[in-house]
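Throughout, residue positions are numbered sequentially from 1 according to the sequence presented. Here the structure is a predicted model, which means the values were calculated and not measured.
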Amino acid sequence: AYLRCPVTGSFENGPCVDEARQREIDVLLREASPLEKLKDRPGLRLFMQNGDEDAYFPLQAVRELADSMDGAQLEVLSGQGHIYTEGMRRALTQFFVETLL
């Protein structure tokens, strides 16, 4: 998802100040990304969460990514940025319970 969404900065220092470090992160994430493999799995359900004020992953880009993948469910969190919350953990747990049990 990181590689499909325009990102406004690195994860370490907010707005990207070190382009070399950002390129290094991009390479690491590209090598580790399961996105293309996931897209080739018909019937696979995906649960995505994104704050509408996320400065790292703009909502429109995440929405386009979710729309491009069959079985993707996007939960948009109003007034939330990039920080992962306890409420998000509970929603993810509920998704796993509904999907796997």
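Members clustered with V97: L101, by chain and number, using a 4.5 Å side-chain heavy-atom cutoff among hydrophobic residues.
In this structure, CD on Q94 lies 9.0 Å from OG1 on T99, to the nearest 0.5 angstrom. The distance from the CD1 atom of I83 to the CE atom of M88 is 10.0 Å, given to the nearest 0.5 Å.
Other residues, nucleotides and ligands place more than 12 heavy atoms under 6.0 Å from the CG atom of L100. Remark: D70 CG is loosely packed, at most 12 non-hydrogen atoms of other residues, nucleotides or ligands lying under 6.0 Å away.
Counting heavy atoms from C-beta on, the side chains of M48 and Q73 never come closer than 4.5 Å. The shortest side-chain heavy-atom distance between D54 and Q80 does not fall under the 4.5 Å cut-off. The side-chain heavy atoms of N50 and V76, taken from C-beta on, include no pair separated by under 4.5 Å.
Minimum interatomic distance between A66 and A72 (heavy atoms only, all atoms of both residues): O-CB, 3.5 Å.
Remark: E75 pairs with F47, Q49, L77, A91 by the side-chain contact (heavy atoms from CB on, under 4.5 Å) rule, at least two apart or across chains.
A chain of hydrophobic side-chain contacts below 4.5 Å, direct or via other Ile, Leu, Val, Met, Phe, Trp or Tyr residues, connects L46 to L59. When the side chains of ILVMFWY residues are joined at heavy-atom separations under 4.5 Å, either directly or via intervening members, Y56 and L65 end up in a single hydrophobic cluster. Connection of V62 to Y84 is not established within any shared hydrophobic cluster, with ILVMFWY side chains joined at heavy-atom distances below 4.5 Å, either directly or through further cluster members.
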